[in-house]
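I have placed the structure first, in the form of structure tokens, so that the comments after it can refer back to it.
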Amino acid sequence: MVIRDGDWKLFDHDFLTGRSVWVMEDGNKTHWRTDYPVENLVRQNAFSRNATAGNGFGEWTKVASIPLNLAHSESLVRAHSEGDDRYVKRWLNDGDNRAWRSFEGRL
Amino acid sequence: MAVVTNTFQSTQAVGNREELSDVVSRITPEDTPIYSLIEKGRCVTVHPEWETDELVAPGANIREEGEEYAFGAIAPPKRLGNYTQIMRKDWIISATQEVVSEAGNVQKRKYQKLKKGVEIRKDVEFAIADTNASAGGATREFGSLNTWIETNVSRGATGANGGFNPGTGLTVAPVTGTQRAFTKAILDDVMQQGYQNGANFRHVSVSPYVKSVFVTFMSDANVAPFRYAVSQGGERNTIVATADYYEGPFGTVMIHPNRVQAVSTGLARNAFFIDTDMLSFLWLRNIQEDRDVAKTGDADKGVIIGEGTLKVHNEKGLGIAADLFGLSAAS
């Protein structure tokens, strides 16, 4: 069975995480699209931010939960591997990325 | 440097062919966390070898006045090696099926090629994360990560390290121990061993269940007290599909859920601590389509094949917490 979303065709779906990969052929090129449901994650992150508000950094503080595709496409994984902590921390401290932070506090 | 106006760049072209392994790497880096993290290189033999050398541990160094010199022996560097492994995916589609109008073209060649490309990459990840020792000969096999690591290790009772055997030139599979729950003590133990041995763990690859256990460490008595809301009825627990960034006592680490490790208890029982500088994957033959498969009969055959090996630059830069309950609280 083929599941379609307009011209897009479902390539892969992960029931555990809800991640789905879609593919579209336009004759010359193959286009890919990955959908992640993040509503729950944003809410969970907001919940942890609120619950830990005012706490200091302890041992093993989860600072952020970032959707996997975003972590790769924003080069966070690569920057972290290469030891470019300044880049990663700047990204995490950026107010635009607050949705992925699960602990307040400047890194 | 500036580009001269009207230079036609490959990024503007629409008809350029995309190479299979590139396409596959781009769409699914998160499917194969360890393989995606590490550097990819080339090798030119089926048995690439390398050496590791180390400093003697520091000690007291006090000499008497006028003392005659004595000379210590030099320990030769260790010579290590791994064998390449051939991985293959294949399919055959009848010529009629290739041309009939079919909903979604799921059974067509191009689609199969993409699908098998994704699958073979996951097989590479599987081979890195499983517990197979290296083997030479015609059916070669590379020693998995698990078989190399013997320094920064936490194993269950009766578990024993494998490691590289310089006599045979092969790695030895570790002995599995009694399974136990993943705890902060195990985590800190491996992190500390790594720190003392000069490792710089940046990433941890675990089964999705172990990653969910990780989150509960925040509720540890020594850490900020914390309770998690149970996800509301029927909603997905999206927390497993994330890279979590932790500030820990030994630096910051990123925790990756590895779905390939969730395939079986054998793979799920290990948590790998990775310094990406200490690991690379060498391709003797990159994953590619064999375009010269002889056509016989009224069908179209396809083969994707690759041959490569895992290079563990120095196992002291890597760590493992083995024998964990990796799929559930009791398995």
Side-chain angles (χ1 to χ4, degrees), chain A residues 1-4 9-12 14-19 21 23 25-30 32 34 36-41 43-44 47-48 51-52 55-73 76-78 80-83 85 88-89 92 100 102-103 107, chain B residues 14-16 18 23 26-31 33 36-38 103-106 110-111 114-115 118 184 187-188 200 202-203 208 214-215 217-218 220 222-229 231-232 235-249 252 254-257 259 262 276-277:
Chain A
M1 190 181 76
V2 180
I3 297 166
R4 287 177 179 283
K9 193 164 68 185
L10 186 67
F11 182 76
D12 185 26
D14 179 26
F15 286 95
L16 190 64
T17 59
R19 167 181 177 260
V21 179
V23 59
E25 309 270 351
D26 73 356
N28 287 316
K29 268 185 170 176
T30 309
W32 297 91
T34 310
Y36 265 96
V38 291
E39 196 193 321
N40 243 18
L41 175 62
R43 212 174 48 233
Q44 225 154 358
F47 177 82
S48 349
T52 55
N55 289 348
F57 282 94
E59 276 186 277
W60 296 108
T61 309
K62 182 157 77 68
V63 177
S65 282
I66 309 155
L68 284 170
N69 59 337
L70 197 67
H72 281 275
S73 66
L76 293 174
V77 174
R78 187 169 165 193
H80 184 63
S81 298
E82 291 173 353
D85 289 339
V88 179
K89 290 186 174 172
L92 289 170
W100 315 122
S102 41
F103 185 79
L107 293 167
Chain B
V14 292
N16 289 355
E18 297 187 272
V23 173
R26 252 181 288 138
I27 59 164
T28 62
E30 60 265 44
D31 273 348
S36 300
L37 282 172
I38 63 179
N105 294 339
V106 181
K110 194 175 176 190
Y111 183 81
L114 279 169
K115 218 172 104 190
V118 173
K184 191 164 143 296
L187 172 71
D188 284 340
N200 180 20
R202 309 291 294 186
H203 298 276
F214 234 105
V215 179
F217 292 170
M218 284 181 72
D220 184 281
N222 294 323
V223 187
F226 189 67
R227 290 280 178 275
Y228 259 94
S231 65
Q232 289 163 17
E235 285 181 349
R236 291 188 187 98
N237 184 10
T238 42
I239 207 94
V240 296
T242 59
D244 287 356
Y245 189 79
Y246 280 82
E247 282 273 347
T252 49
M254 219 178 241
I255 318 294
H256 301 261
R259 283 194 291 154
T276 48
D277 288 342

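Order of the sequence lines fixes the chain letters, A, B, ..., with proteins taken first and strands second; residue numbering starts at 1 for each chain. No hydrogens, no waters, no symmetry mates; every other heavy atom, side chains included, goes into these values.
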Practice task
Considering non-hydrogen atoms only, spot the tightest contact between B/E247 and A/L107 and give its length.
Solution key: OE2-CD2, 3.3 Å
Completion exercise
Residue from B/G248, B/P33, B/A243, B/A262 scoring the most non-hydrogen pairs under 4.5 Å with chain A is B/A243
Practice task
Please state whether the side chain, the backbone, both or neither of B/I38 comes within less than 4.5 Å of a heavy atom of chain A.
Solution key: neither
Fill in the blank from the handout: When every non-hydrogen atom of B/R202 is compared with those of A/G83, the smallest separation belongs to NH2-CA, 3.5 Å
Handout entry: Partner residues of B/N200 under the side-chain hydrogen bond (donor to acceptor under 3.5 Å, both in side chains) criterion, sequence neighbours left out
Key = none
Fill in the blank from the handout: Between A/W60 and B/K184, the two heavy atoms sitting closest are CD1-CE, 3.7 Å
Practice task
Please test A/L76 against B/Y245 for side chain to side chain contact (heavy atoms under 4.5 Å, CB included), starting from the C-alpha separation and ending with a verdict.
Solution key: CA-CA 10 Å; A/L76 293 174; B/Y245 189 79; over 6 Å; no
Problem - With sequence neighbours excluded, residues passing ring pair (Phe, Tyr, Trp, His ring centres under 6.0 Å) with A/H72 - result: none
Practice task
Can you tell which part of A/A64 gets under 4.5 Å to a heavy atom of chain B, answering side chain, backbone, both or neither?
Solution key: both
Exercise for the section: Sort A/L70 into side chain, backbone, both or neither according to what part of it lies under 4.5 angstrom from a heavy atom of chain B. Expected result: neither
Problem - Contact check, side chains of A/L68 and B/P257, non-hydrogen atoms, under 4.5 Å - result: yes
Practice task
Look up atom CG in A/N69 and atom OG1 in B/T242, then write down how far apart they are to the nearest 0.5 Å.
Solution key: 11.0 Å
Problem - Validation row: B/I255, A/K62 side chains within 4.5 angstrom (heavy atoms) - result: no
Handout entry: B/T276 side chain near A/R78 side chain, heavy-atom distance below 4.5 Å
Key = no
Handout entry: Top contributor to chain A interface from B/L37, B/L187, B/D277 [non-hydrogen pairs under 4.5 Å]
Key = B/L187
